[in-house]
Amino acid sequence: MDKKPSPKKAPGFCSLRYGLALIMHFSNFTMITQRVSLSIAIIAMVNSSQPHGLSNASAEGPLADTLSNPSTSIKEFNTGASVYEWSPETQGIIFSSISYGIVVTLIPSGYLAGIFGAKQMLGAGLLISSLLTLFTPLAADFGVILVIVIRMIQGMAQGMAWTGQFTIWAKWAPPLERSKLTSIAGSGAAFGSFIILCVGGLISQALGWPFIFYVFGSIGCVCCLLWFTVIYDDPTHHPCISVREKEHIVASLAHQSSSPRRSIPIKAMARCLPLWAIFTGFFSHFWLCTIIITYLPTYISSVLHVNIRDSGVLSSLPFVAASSCTILGGQLADFLLSRNLLRLITVRKLFSSLGLLLPSLCAVALPFVASSYVTTIILLILIPGTSNLCDSGFIINTLDVAPRYASFLMGISRGFGLIAGIISSTATGFLISQDSVSGWRNVFFLSAAVNMFGMFFYITFGQAEIQDWAKEKTITRL
């Protein structure tokens, strides 16, 4: 059933719910920077270019050679930074450990957030992740095992924070504003990726690699103060919300169940094709996105043959497009709904199709334009940008079909996405190790095929109505 706008118009951008979206944007920004910090810092942390006898030398030795002649004072300032002899295999384990931690907590944290409140779950996850980020440089001195353990715990904490967000939006976001609010919040991850890729290397070069963790860990602690001070699970209990905005939110969500859930209808969920359409969309979406995030610097360096400084800047550009398209896509989706130009399910399928089809076309075209520097960069920017149009499609579809279980289902959905990321990263590494040119071509063709399967499956089985098993059952007592 399509949602009707509330007759009483509430404040727009100057409202508490949009302030909540901005704080959640800041939270997502913080978590992604903390997650990617090690990927930037490890260039200086690992003694990859010096002889084994110089294992205690400054981290700026190899970094200075790569970045070409930083000032003498900068090199002297970094003499206290440690360097570690971690093999590529060890680095791979360190990088993947945070994903395993996220997988462990995605489903249980989504369920618990619906019972105990998302404010506490998300805030605690963000605080734990920030404190562990601050502790990472010290942990590295104690050994690689402690770093791996910390990354796994940090992944568990971030898994709690990611899924808890949808429990909040189930109570705060009017149906005709869900795309806008969730896209503003979600764009923080893309913006954070852009910032960490741009300034992470500069921080390492100017202050030393430990300060990457100190800076973004401290930002996370500040974000926690804002979170616990401003955020409430329910608009009806917020002390600063206006009466008009509260009435608008409550009236627009009147059709939703507000009672606490005591059990999860697992069997009904397993038989629900609209849910499987969402899961398939997540799997397809994360397949290509993970390849871009993980292998973009490698592709730019190997195909375009640019140095590490230019590679870092170029690698950050696609995330500007991703952040912009996330917000603009949300605005356009809610505009189409509020003007009754398209039905809710049509909007969800339209943005899902665009978010899977357009990046697939760009990916398929990449091997044929590798000789053109400008065209390659444009296509690499368009892939994550157009891919994020899915944020107004199946990514928020759980709020439509089962708002009572939104966080739990988001945990399962992200689990499918993480599994796709693990498979696609492994497959990409195998394919490009055989032959670089044909390997990259096969990587992009396979990604396009996965995206097309997800698109057709969602178009066929996707729905936007609340499912029967997700509705509150009224019990009549005699």
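Computation of the quantities below employed the complete heavy-atom set of this structure, encompassing side-chain atoms and omitting hydrogens, waters and symmetry-equivalent molecules. The chain is numbered in sequence order, starting from 1.
Here the NZ-CZ distance, from Lys471 to Arg404, works out to 12.0 Å after rounding to the nearest 0.5 Å. One distance of note links NZ of Lys246 with NE2 of His237; it measures 8.5 Å at 0.5 Å rounding. The line from CD1 of Ile249 to CZ of Arg244 is 12.0 Å long, rounded to the nearest 0.5 Å. Between atom CD1 of residue Ile148 and atom CD1 of residue Ile153 there is a gap of 12.5 Å, rounded to the nearest 0.5 Å. One finds the CD1 atom of Ile196 at 11.0 Å from the OG1 atom of Thr30 (value rounded to the nearest 0.5 Å). Expressed to the nearest 0.5 Å, how far CG of Leu382 lies from CD1 of Ile377 amounts to 11.5 Å.
A salt bridge links Asp400 with Arg348: the closest approach of a Lys/Arg side-chain nitrogen to an acidic carboxylate oxygen falls below 4.0 angstrom.
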side-chain contact (heavy atoms from CB on, under 4.5 Å) between Val347 and Ser392, intermediate numbers included = CA-CA 8 Å; Val347 170; Ser392 298; 5.7 Å; no
Walk me through it: do Thr280 and Phe453 pass the test side-chain contact (heavy atoms from CB on, under 4.5 Å)?
-> CA-CA 8 Å; Thr280 305; Phe453 174 77; 3.7 Å; yes
Stepwise side-chain contact (heavy atoms from CB on, under 4.5 Å) test for Thr236 and Val250 = CA-CA 8 Å; Thr236 58; Val250 172; 3.7 Å; yes
Show your working on ring pair (Phe, Tyr, Trp, His ring centres under 6.0 Å) between Phe211 and Tyr214 and close with a plain yes or no.
-> CA-CA 5 Å; Phe211 280 86; Tyr214 298 151; 5.4 Å; yes
Step by step, work out the side-chain contact (heavy atoms from CB on, under 4.5 Å) result for Arg151 and Leu38.
-> CA-CA 10 Å; Arg151 293 282 287 179; Leu38 186 62; 3.7 Å; yes
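Panel note: side chain Ser323, backbone Ala190; no donor-acceptor pair is recorded below 3.5 Å. Not one N or O on the side chain of Gln158 forms a donor-acceptor pair closer than 3.5 Å with the backbone of Ile102. A donor-acceptor pair under 3.5 Å is formed between the side chain of Ser37 and the backbone N or O of Thr33. Judged by distance alone, with hydrogens and angles left aside, the side-chain atoms of Asn388 form no donor-acceptor pair with the main-chain N or O of Thr326 at under 3.5 Å. The backbone N or O of Val369 sits less than 3.5 Å from a side-chain atom of Thr376, completing a donor-acceptor pair. Without hydrogens or angle criteria, Asn28 side chain to Ala189 main chain gives no donor-acceptor distance under 3.5 Å. Of the possible polar contacts, none joining the Glu177 side chain to the Asp334 backbone as a donor-acceptor pair under 3.5 Å is found. The main-chain N or O of Lys180 is found under 3.5 Å from a side-chain atom of Ser183 such that the two form a donor-acceptor pair. At least one donor-acceptor pair under 3.5 Å links the side chain of Gln34 to the backbone N or O of Phe216. For the pair Ser129 (side chain) and Leu126 (backbone), a donor-acceptor distance under 3.5 Å is absent.
A heavy-atom distance below 4.5 Å is not found between the side chains of Phe286 and Ile419. Counting only heavy atoms from C-beta outward, the side chains of Leu16 and Ser242 never approach each other to under 4.5 Å. Contact of the Val199 side chain with the Val215 side chain is not registered, since no non-hydrogen atoms from C-beta on lie closer than 4.5 Å. In this structure the side chain of His248 reaches within 4.5 angstrom of the side chain of Pro174, judged on heavy atoms. Residues Ile383 and Pro318 form no side-chain contact, since every pair of their non-hydrogen atoms from C-beta on lies 4.5 Å or further apart. Two residues are said to be in side-chain contact when any heavy atoms from C-beta on lie closer than 4.5 Å; Ile291 and Ser447 meet this criterion. At least one side-chain heavy atom of Cys390 sits under 4.5 Å from a side-chain heavy atom of Leu356. Counting heavy atoms from C-beta outward, Ile168 and Met24 have side chains that approach closer than 4.5 Å.
Heavy atoms only, all atoms of each residue included: Leu354 and Pro359 are closest at O-CD, 3.6 Å. When every heavy atom of Trp227 is checked against every heavy atom of Ser27, the shortest pair comes out as CE3-OG, 3.8 Å. Closest of all the heavy-atom pairs between Phe394 and Ser352 is N-OG, 2.9 Å. The minimum heavy-atom distance linking Phe29 with Gly192 is given by the pair CD1-CA, 3.3 Å. Considering all non-hydrogen atoms of both residues, Ile396 and Asp391 come closest at CG2-O, 3.4 Å. Asn451 approaches Ser284 most closely through the heavy-atom pair OD1-O, 2.8 Å.
Trp276 and Phe279 have perpendicular rings, their planes meeting at more than 60° on a 0 to 90° scale where under 30° would count as parallel.
Taking the ring centroids of Phe283 and Phe416, they lie at or beyond the 6.0 Å cut-off.
Scored by the ring-ring contact (aromatic ring centres under 6.0 Å, His included) test, Phe444 finds Tyr299, Trp440 as partners (sequence neighbours excluded). Residues passing the side chain to side chain contact (heavy atoms under 4.5 Å, CB included) test with Ile278 are Leu275, Phe282, Asn397, Thr398, Val401, Ser413, Tyr458, sequence neighbours excluded.
In this structure, Lys119 is positioned above the aromatic face of Tyr232, its NZ or CZ under 6.0 Å from the six-membered ring centre and within 45° of the axis.
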